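Heads up: the structure comes next, in structure tokens.
In what follows, chains are A, B, ... by sequence order, proteins preceding strands, each numbered from 1. Given the structure is predicted, the values throughout are model-derived calculations rather than measurements.
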Protein chains: 2
Amino acid sequence: MRSDAKKNYEHLFETARIVIAEQGANASLRDIARRAEVGIGTLYRHFPTREALLEAILRESFDHVSTRAAELELSGSAGQALVAWLRDMVALTYDHRGVLASMAAAIDDEQSALHESCVRLRGSGARLLALAQAEGTARADIDGTDLLALVSALAWLNDQAPFAARVERLFGLITDAVMRPTSTVTTP
Amino acid sequence: MRSDAKKNYEHLFETARIVIAEQGANASLRDIARRAEVGIGTLYRHFPTREALLEAILRESFDHVSTRAAELELSGSAGQALVAWLRDMVALTYDHRGVLASMAAAIDDEQSALHESCVRLRGSGARLLALAQAEGTARADIDGTDLLALVSALAWLNDQAPFAARVERLFGLITDAVMRPTSTVTTP
DNA sequence: ACCTGAACACCGTTCAAGT
DNA sequence: ACCTGAACACCGTTCAAGT
């Protein structure tokens, strides 16, 4: 990359980070270009889709959650590890309003720049879930996609003003539901 | 209302119902006016805001849920009544993609044309919840707004393609969580 | 190689001019 | 009274013309 292009890229990236933090993941791309003082075409050259821009901005946070998840896999209690992962995921979306809708859409869309990251994230949760299920602390009738769905739903609630204050409590309710082993028929 | 105005109103209403069923609650208002073959100003005259249009379209469904809720209040099991109400609410949003975001926003916004309907809806759920709590079949640490939040979250999941197929199962999970009485300290 | 911004096809919303 | 559609201020996205 030419040095002027690199400068543009980085300035665009920092500006986008600020604007998206302010206005959420659906902020105007035109506005980002304007505030970065580059032509709109330059934004499209560096980030051909909105997802590509989001991916760049979220990459750090994604990596953070993945790394933590790998650590958590080695921790003593699989149940506690799973709850910690759920907390990490909710925190991720606290920092980035409105990204969960894009992330949800990316799960089944292999063309999306967010696809790989989201699948990887789901995988990290799925592994912790499987461990907790094997341990008997998580209910057996859900999978990694269900888990992602639940976290996404909480994140969505967090974006709705009248519900935001209740996410904490509802997080507890949902965690309870996930962490309660389904009653199994015990043969004597 | 003059007869020509009434005709416009009704045609606009039917067209909007179709377009919103097709494209969801965020369908283009311009498109609705075009398909109804009236000027865009005519749409705004009859429905000054998008919420006003949604309210008109949803009124029937709202009334249906409210009426059912009143009947359910009289039924034998408050717990079963509450679950039935939750099902009704999810069904409401099955028929009207994308309305829950507007409904959520309307809860705290007294200016919204949807405000009254949403508050009434929340009230009907809250009463059923209180009965189930009194009966001991619903957990005591949530209120009507929490209930609406949970239903809204399920409805949102239903709008996300990769999660839609799982809403049934997750409905069960969340219902389980709501219907489990919180363990209380029993004094001997 | 990269940047620019006009151009195109859309929005939501308002309001002067018409009937 | 009511309807119309141009007008305004925005989008996202593309691409010919520039350096």
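Between A/Arg34 and A/Gly41, it is A/Arg34 whose nearest contact on DNA chain D lies nearer the 5' terminus. Heavy-atom distances to DNA chain C give each of A/His46 and B/Asp31 a nearest nucleotide, and the one nearer the 5′ end belongs to A/His46.
Judged by distance alone, with hydrogens and angles left aside, B/Arg50 brings no side-chain donor or acceptor close enough to the base of C/dT13 to form a pair under 3.5 Å. With hydrogens and angles ignored, no donor-acceptor pair closer than 3.5 Å exists between the side chain of B/Arg45 and the base of C/dT14.
Rounded to a whole Å, the OH atom of A/Tyr44 is 16 Å from the C1' atom of C/dC3. What separates CG of B/Leu29 from P of D/dG5 is a distance of 17 Å, to the nearest Å. One can place CG of B/Leu43 at 16 Å from C1' of C/dC15, the figure rounded to the nearest angstrom. If you measure from atom CG of A/Asp4 to atom C1' of C/dC3, you get 8 Å, rounded to the nearest angstrom. With rounding to whole Å, B/Glu37 atom CD is found 10 Å from D/dT4 atom P. Atom CD in B/Gln23 sits about 13 Å away from atom C1' in C/dC11, given to the nearest Å. Note: CZ (B/Phe47) to P (D/dC2) measures 14 Å, nearest angstrom. Atom CD1 of B/Ile40 and atom P of D/dC8 are 18 Å apart (whole Å).
A centroid separation of less than 6.0 Å is found between the aromatic rings of A/Phe47 and A/Tyr9.
Counting non-hydrogen atoms under 4.0 angstrom, B/Ser28 reaches the backbone sugars and phosphates but no base.
The CG atom of B/Asp108 sits 8.5 Å away from the CZ atom of A/Phe163 when rounded to the nearest 0.5 Å.
The side chain of A/Ala5 lies closest to C/dC2 when the candidates are C/dT13, C/dA6, C/dC2. Which of C/dG12, D/dC3, D/dT13 sits closest to the side chain of B/Thr42 comes down to D/dC3. For A/Arg30, counting side-chain heavy atoms from C-beta on, the closest listed nucleotide (D/dC3, D/dT13, C/dT4) is D/dT13.
Between C/dC3 and A/Asn8, a contact under 4.0 Å exists linking OP1 or OP2 to a side-chain N or O.
A salt bridge links A/Glu60 and A/Arg17; the closest N-O separation between the charged side-chain nitrogens and carboxylate oxygens is under 4.0 Å. The existence of a salt bridge linking B/Arg35 and B/Glu22 is confirmed by a sub-4.0 Å separation between a basic side-chain nitrogen and an acidic carboxylate oxygen.
Base pairing of C/dC2 is made with D/dG18, judged by Watson-Crick or G-U wobble geometry with both donor-acceptor distances under 3.5 Å. Nucleotide C/dC11 has no partner under the Watson-Crick or G-U criteria, as no pair reaches both atom distances under 3.5 Å.
Between the side chains of A/Thr145 and A/Arg122, at least one donor-acceptor pair of N or O atoms lies under 3.5 Å.
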